[in-house]
Amino acid sequence: MKKFLLILSIFIGIDASAQEELKKDSVVVDTVKYWSVLGKNTVMINQAAFSNWVGGGANNVGWLAGINYNITYEKDNDLWENIIILGYGQNDTKGLGIRKTQDVINVSTNYGRKFSKSWYFSLGAGLQSQFAPGYEDGNNPEAKKISNFMAPGYLNAGMGITYRPNDNLTVTLRPTNGRWTFVLDKDLQLAGNYGLKSDGATSLLQFGFLGTAIYKLKIMEDIYLTNTASVFSNYLDRPDRLVLAYGALLNLKVNKYISSNISLDLLYDHNQIEKTQLKQTLGIGFAYTLDNGVKRSDRKDSQWWIKK
């Protein structure tokens, strides 16, 4: 009987020790982290060739490269989201030469402090511009130059509130927002260009309301649509002249490395041109998604785009 009790006590001690080690291990392997990185890198190619083709046509080849990164910190009541979108593309058409087809710089950061379910007091900033000169007549370098790097460039900074019920939808409203327009190309520093008040001016300051929204939608398996929209109203001068922008990106995934993208951008800015601007692109090629593999938050209702 004594031997049995001794053996039983030894097993109880071993079991208690094992349970204690298991508890320690469970803490170590906890996968809940506060930083998440989701990035897409793309290189798209398009090409057309003709030989004795009665319908006519010109040989051409084009390329488009871009990155789209979302870097987010989320812990308790703090939410800090950073977005980096860069893209550039060209097309070489026989008889016409090289023309720019895509050129975008869009970087933004937004910090929010939760005060109610899905609502945050927030402040942030964003920069928009392009890499290379743009010309009239289809970006013909022999034509008149109409834009360049930081000509225009737009810097927005302000504070307000952000509504983010899940990772699919983010709406930010800033009733106090400064919008600086920069024109750093001396050839374009003329009165009236992008709202400049006098020849030689390099910038224009506006103060008003800025609203932005991002909505991500899974249409069906491997087909995703990302919608972005913004509106700005200048309190100081003609608040009725709204700056309106809308973008749609349709991604059709073929496999892990191949996908097709269709993009549509609409813009109306009275200081640029008193017409609605439209840009549409289509490409298929290499696309690699970088995902750090951790949970963005405790919510699991809307993380379809980071699932393998």
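If you read the sequence from its start, that first residue is 1, and numbering goes on from there.
Annotation for Pro175 and Gly160: closest pair CD-CA, 3.9 Å, computed over non-hydrogen atoms. Nearest heavy atom pair, residue Gln272 against residue Pro152, reads NE2-CG, 4.3 Å. Summarising the geometry of Gly247 relative to Asp265, their closest heavy-atom pair is CA-OD1, 3.8 Å, with the distance given to 0.1 Å. Closest of all the heavy-atom pairs between Ser259 and Lys253 is CB-CA, 4.0 Å. Across every non-hydrogen atom of Tyr120 and Glu74, the tightest pair is OH-OE2, 4.2 Å. The two atoms that bring Ala143 and Glu136 nearest to each other are CB-O, 3.3 Å, heavy atoms only.
Atom-to-atom distance recorded for Ile105:CD1 and Tyr88:OH is 11.0 Å, nearest 0.5 angstrom. Considering CG of Leu267 and CD of Gln277, their distance stands at 4.5 Å, rounded to 0.5 Å. Residue Asn77 holds its CG atom at 10.5 Å from OG of Ser116, rounded to the nearest 0.5 Å. Leu173 CG to Tyr163 OH: the interatomic distance, rounded to the nearest 0.5 Å, is 12.0 Å. To the nearest 0.5 Å, the span separating CG on Asn251 from CG on Leu225 amounts to 10.0 Å. Atoms OG1 and CG, on Thr109 and Leu123 in that order, are 9.0 Å from each other to the nearest 0.5 Å.
If you check the side chains of Asp199 and Gln189, you find no donor sitting under 3.5 Å from an acceptor.
In this structure, Thr170 and Thr162 have side chains that are in contact, with non-hydrogen atoms separated by less than 4.5 Å. Between Asn234 and Arg241 there is no side-chain heavy-atom pair separated by less than 4.5 Å. Annotation: side chain of Gln47 is not in contact with side chain of Asn59 (no heavy-atom distance under 4.5 Å). Residues Leu236 and Leu205 form no side-chain contact, since every pair of their non-hydrogen atoms from C-beta on lies 4.5 Å or further apart. For the pair Ile98/Asn91, no side-chain contact is recorded, criterion being any heavy-atom separation below 4.5 Å from C-beta on. Residues Leu249 and Asn261 are in side-chain contact: their nearest non-hydrogen atoms beyond the backbone lie under 4.5 Å apart. No side-chain heavy atom of Gln206 sits under 4.5 Å from any side-chain heavy atom of Ser233. Put simply, the side chain of Thr101 does not reach to within 4.5 Å of the side chain of Thr281, judged on heavy atoms.
Judged as a salt bridge (charged side-chain N to carboxylate O under 4.0 Å, His left out), and not counting sequence neighbours, the contacts of Lys197 are Asp237. Residues forming a side-chain hydrogen bond (donor to acceptor under 3.5 Å, both in side chains) with Asp185 (at least two apart in sequence, or on another chain): Lys145, Asn148. Qualifying side-chain hydrogen bond (donor to acceptor under 3.5 Å, both in side chains) partners for Ser203, counting only residues two or more places apart in sequence or in other chains: none. With sequence neighbours left out, Lys40 forms a salt bridge (charged side-chain N to carboxylate O under 4.0 Å, His left out) with no residue at all. In terms of the salt bridge (charged side-chain N to carboxylate O under 4.0 Å, His left out) criterion, Glu274 has no residue partners (sequence neighbours excluded). Partners of Asp76 by salt bridge (charged side-chain N to carboxylate O under 4.0 Å, His left out), not counting sequence neighbours: none found. By the side-chain hydrogen bond (donor to acceptor under 3.5 Å, both in side chains) test, Thr181 pairs with no residue at all, sequence neighbours left out. Every side-chain contact (heavy atoms from CB on, under 4.5 Å) that Ala213 has, sequence neighbours left out, goes to Val171.
Using a distance-only test at 3.5 Å, with no hydrogens or angles considered, no donor-acceptor pair links the side chain of Asn177 to the main chain of Leu210. A donor-acceptor contact shorter than 3.5 Å links the side chain of Thr176 to the backbone of Met159. A donor-acceptor contact shorter than 3.5 Å links the side chain of Asn60 to the backbone of Ala58. The backbone N or O of Val107 sits nowhere less than 3.5 Å from a side-chain atom of Gln128 that would complete a donor-acceptor pair. A donor-acceptor distance shorter than 3.5 angstrom exists from the side chain of Ser129 to the backbone of Met150, with no hydrogens or angles considered. Proximity of a side-chain donor or acceptor of Asn193 to a complementary backbone N or O of Leu188 within less than 3.5 Å is detected.
Between Asp269 and Arg179 there is a salt bridge, since at least one side-chain N of the basic residue sits less than 4.0 Å from a carboxylate O of the acidic one.
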**Request:** In sequence, state the C-alpha distance, the side-chain angles, and the governing distance for Leu217 and Asn168, and then conclude on side-chain contact (heavy atoms from CB on, under 4.5 Å).
**Result:** CA-CA 7 Å; Leu217 174 67; Asn168 284 345; over 6 Å; no
**Message:** Go through it in stages, so that I can follow the logic: the residues are Thr172 and Ser122, the test is side-chain contact (heavy atoms from CB on, under 4.5 Å), and I'd like the CA-CA distance, side-chain angles, deciding distance and then a yes or no.
**Reply:** CA-CA 8 Å; Thr172 298; Ser122 64; 4.1 Å; yes
**Item:** Thr202/Lys186 under side-chain contact (heavy atoms from CB on, under 4.5 Å): CA gap, chis, key distance, verdict
**Value:** CA-CA 8 Å; Thr202 60; Lys186 292 184 178 180; over 6 Å; no
**Request:** Begin from the C-alpha positions of Ser108 and Asn110 and carry the test side chain to side chain donor-acceptor pair (under 3.5 Å) through to its verdict.
**Result:** CA-CA 7 Å; Ser108 65; Asn110 192 65; over 6 Å; no
**Asn41/Tyr69 under side chain to side chain donor-acceptor pair (under 3.5 Å): CA gap, chis, key distance, verdict** = CA-CA 9 Å; Asn41 309 277; Tyr69 274 72; 3.2 Å; yes
**Request:** Run the numbers on Lys100 and Asp103 for salt bridge (Lys or Arg N to Asp or Glu O under 4.0 Å), then give the verdict.
**Result:** CA-CA 7 Å; Lys100 181 173 65 173; Asp103 193 355; 3.0 Å; yes
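For Lys279, the NZ atom sits in a packed shell: over 12 heavy atoms of surrounding residues, nucleotides or ligands are nearer than 6.0 Å.
Pairs passing the ring pair (Phe, Tyr, Trp, His ring centres under 6.0 Å) check and including a residue from residues 123-152, sequence neighbours excluded, do not occur. Contacts classified as ring pair (Phe, Tyr, Trp, His ring centres under 6.0 Å) and involving residues 184-211 (residues at least two apart or in different chains) are given here: Phe207-Tyr235.
Members clustered with Ile214: Ile83, Ile85, by chain and number, using a 4.5 Å side-chain heavy-atom cutoff among hydrophobic residues. With side-chain heavy atoms closer than 4.5 Å counting as contact, directly or through intermediates, the hydrophobic cluster containing Leu278 also holds Tyr246, Leu264, Leu266.
Below 30°, between 30° and 60°, or above 60°: for Tyr288 and Phe286 the angle between ring planes is below 30°, a parallel geometry.
No continuous path of ILVMFWY side-chain contacts below 4.5 Å connects Val243 to Val231, so the two sit in separate hydrophobic clusters. Linking ILVMFWY side-chain heavy atoms closer than 4.5 Å, directly or via other members, places Tyr215 and Ile223 in a single hydrophobic cluster. There is a path of hydrophobic side-chain contacts, each under 4.5 Å, that joins Leu282 to Leu252.
Here the two rings, on Trp80 and Tyr111, have centers that are 6.0 Å apart or farther.
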